[in-house]
Amino acid sequence: MTTENVPKDTVHQVVIVGSGPAGYTAAIYAARAQLSPILYEGSVTAGGALMNTTEVENFPGFTDGVMGPDLMDSMRQQSARFGTTLVTDDIVQMDLSGTIKTLKDGAGNTLRAKSVVLAMGSAYREIGLENEKRLSGRGVSWCATCDGFFFRDQVIAVVGGGDSAVEEATFLTRFATKVVMIHRRDTLRASKIMVDRALSNPKIEILWNHEVVDVLGAEKMEALSLRNTLNGEIKRHQFTGLFVAIGHSPRSELVVGQVDLDSEGYVLVNDRTTQTNIDGVFACGDLVDHRYRQAITAAGSGCQAALDAEKFLVGH
Ligand code: NAP
């Protein structure tokens, strides 16, 4: 639905911002609870990070796996079936103070709501290369648990030197013949236990003092162009896969200064609930979670957010 059709004279029960598994699941529960949720899906691509994956093999209930975009489309349709108003636009501004929250969308409409569910997700950090984007899903990935299986018996590269990179590299040794970690410095940032694990794994090699300057290949990735950070030398290295593990950034820019965030920008919630520091504002999915980052855990926390919002609305 476009923004013209969003009822504006109403004080909505709940507005959900974000359309990954967390947002859609929150919408399914809120709609079934007769809260007539409005869900802002985003103006460019609805569905969140799963829209960039291929086959999802670990979402329970799909014996033979499911394509990420198909899974998101099913969740989307399921939320609509129970009466969610889906809006293909962004929320660009929010005032979460007070009992009635106001949200402004990209088309300039202002919505009022008694409760808000924040489900904006997080973004994998990218190296920032043009060919990294072009070959995404064709050799370049940001998620070993999602895509590692497709790199069986191959030699693959992981870029990064933090815990995520070590974790991804270690996971990938299940499938790959060899995993080469490419790190721009000569020491890993990862915790000691993770470093020890990487160094003692016979399938992991570390290429110190190197950075990726290009991803090569026409239809799919065939090699990397790497620069030695000590002497500036650039060489082609044969790899059929690249996993980028250089950190994540929660998409919390919209609520900075209003909702309490941790030092990395993730939204802080109360204990095991989805309650933020503001009454009537709930947060779920990757926006709060830097540990698990799975579709199923995001969906679970979206369910919690809707139940928390429902309880809040009954009490008010
Ligand atoms: P991180 O600790 O911020 O590490 C990011 C790594 O990527 C660093 O080594 C950094 O290099 C490198 N990097 C950043 N930008 C780069 C670029 N443009 N090109 C090349 N390399 C780049 O991120 P993370 O590993 O995702 O970890 C985030 C947090 O989650 C940490 O607190 C971590 O401890 C935690 N975590 C814990 C676990 C676990 O305990 N199992 C697993 C995953 C994450 P430099 O070192 O040179 O800066």
Side-chain angles (χ1 to χ4, degrees), residues 48-49 52-53 58 121-136 139-148 156-174 179-201 204-216 221 223-235 237 239 241-253 261-269 283 285-298 301:
N52 300 327
T53 61
N58 52 10
S122 77
Y124 289 115
R125 236 175 255 155
E126 295 179 4
I127 305 170
L129 303 167
E130 207 173 294
N131 285 330
E132 170 193 15
K133 240 190 178 71
R134 183 177 63 81
L135 293 169
S136 147
V140 181
S141 170
W142 282 261
C143 176
T145 45
C146 317
D147 299 331
I156 50 191
V158 173
V159 63
D163 281 327
S164 292
V166 174
E167 204 166 61
E168 298 280 270
T170 306
F171 181 81
L172 288 166
T173 58
R174 297 182 191 192
V179 178
V180 179
M181 287 185 67
I182 298 164
H183 186 35
R184 60 187 179 184
R185 295 187 296 125
D186 63 359
T187 46
L188 294 173
R189 179 181 294 277
S191 50
K192 190 175 178 325
I193 186 167
M194 303 281 276
V195 173
D196 290 348
R197 204 171 293 164
L199 295 177
S200 64
N201 190 320
I204 298 180
E205 262 179 31
I206 305 182
L207 193 52
W208 303 104
N209 301 308
H210 277 77
E211 60 185 7
V212 180
V213 290
D214 204 356
V215 185
L216 310 171
M221 179 185 150
L224 290 174
S225 179
L226 301 181
R227 191 176 77 92
N228 182 319
T229 56
L230 298 179
N231 60 20
E233 193 177 66
I234 294 180
K235 268 193 187 163
H237 294 247
F239 292 108
L242 169 68
F243 285 78
V244 181
I246 59 174
H248 295 80
S249 315
R251 294 200 173 106
S252 54
E253 313 84 50
L261 308 176
D262 72 8
S263 60
E264 293 175 48
Y266 290 90
V267 172
L268 290 169
V269 290
D286 287 4
L287 187 66
V288 298
D289 170 26
H290 45 78
R291 184 183 292 258
Y292 302 107
R293 293 194 214 104
Q294 300 296 303
I296 187 65
T297 51
S301 77

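Whatever order the structure lists them in is the order used to number ligands and atoms, beginning at 1.
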Under a 4.5 Å cut-off applied to non-hydrogen side-chain atoms, are [X] and [Y] in contact?
X: L226; Y: K235; answer: no
X: I296; Y: N58; answer: no
X: E132; Y: V244; answer: yes
X: L135; Y: L216; answer: no

Given A190, S164, A165, G160, which one has a non-hydrogen atom that is nearest to atom 25 (O) of ligand 1?
-> S164

Judged by heavy atoms only, the candidate from R184, R293, R125 nearest atom 16 (C) of ligand 1 is R184

Tell me the protein heavy atom at minimum distance from [atom], and give that distance in Å.
atom: atom 41 (N) of ligand 1; value: E167 OE2, 2.8 Å
atom: atom 32 (O) of ligand 1; value: E264 OE2, 4.0 Å
atom: atom 1 (P) of ligand 1; value: R189 CD, 4.0 Å
atom: atom 40 (O) of ligand 1; value: D163 OD2, 4.2 Å
atom: atom 23 (O) of ligand 1; value: G247 CA, 3.7 Å
atom: atom 21 (N) of ligand 1; value: I246 CG2, 3.6 Å

Do any side-chain atoms of residues 179-190 form donor-acceptor pairs under 3.5 angstrom with protein atoms, and if so which ones, sequence neighbours left out?
unit_1: H183; atom_1: NE2; unit_2: T187; atom_2: O; d: 2.9
unit_1: R185; atom_1: NH1; unit_2: T187; atom_2: OG1; d: 3.4

SB check D196 K192 (cutoff 4.0 Å) = yes

For ligand 1, which atoms have a heavy atom of [X] less than 4.0 angstrom away?
X: G161; result: 6 (C), 7 (O), 8 (C), 9 (O)
X: H183; result: 9 (O), 11 (O), 45 (P), 46 (O), 47 (O)
X: R185; result: 45 (P), 46 (O), 47 (O)

For the residue pair H210 and H237, categorise the inter-ring angle as parallel (less than 30°), tilted (30 to 60°) or perpendicular (more than 60°).
-> perpendicular

N/O donor-acceptor pair under 3.5 Å between R125 side chain and G247 backbone = no

Return a yes/no value: protein heavy atom under 4.0 Å from atom 30 (O) of ligand 1?
-> no

Classify the contact between E211 and ligand 1 as side chain, backbone, both or neither, using a heavy-atom distance cut-off of under 4.0 Å.
-> neither

Residues passing the ring-ring contact (aromatic ring centres under 6.0 Å, His included) test with H290, sequence neighbours excluded, are Y266

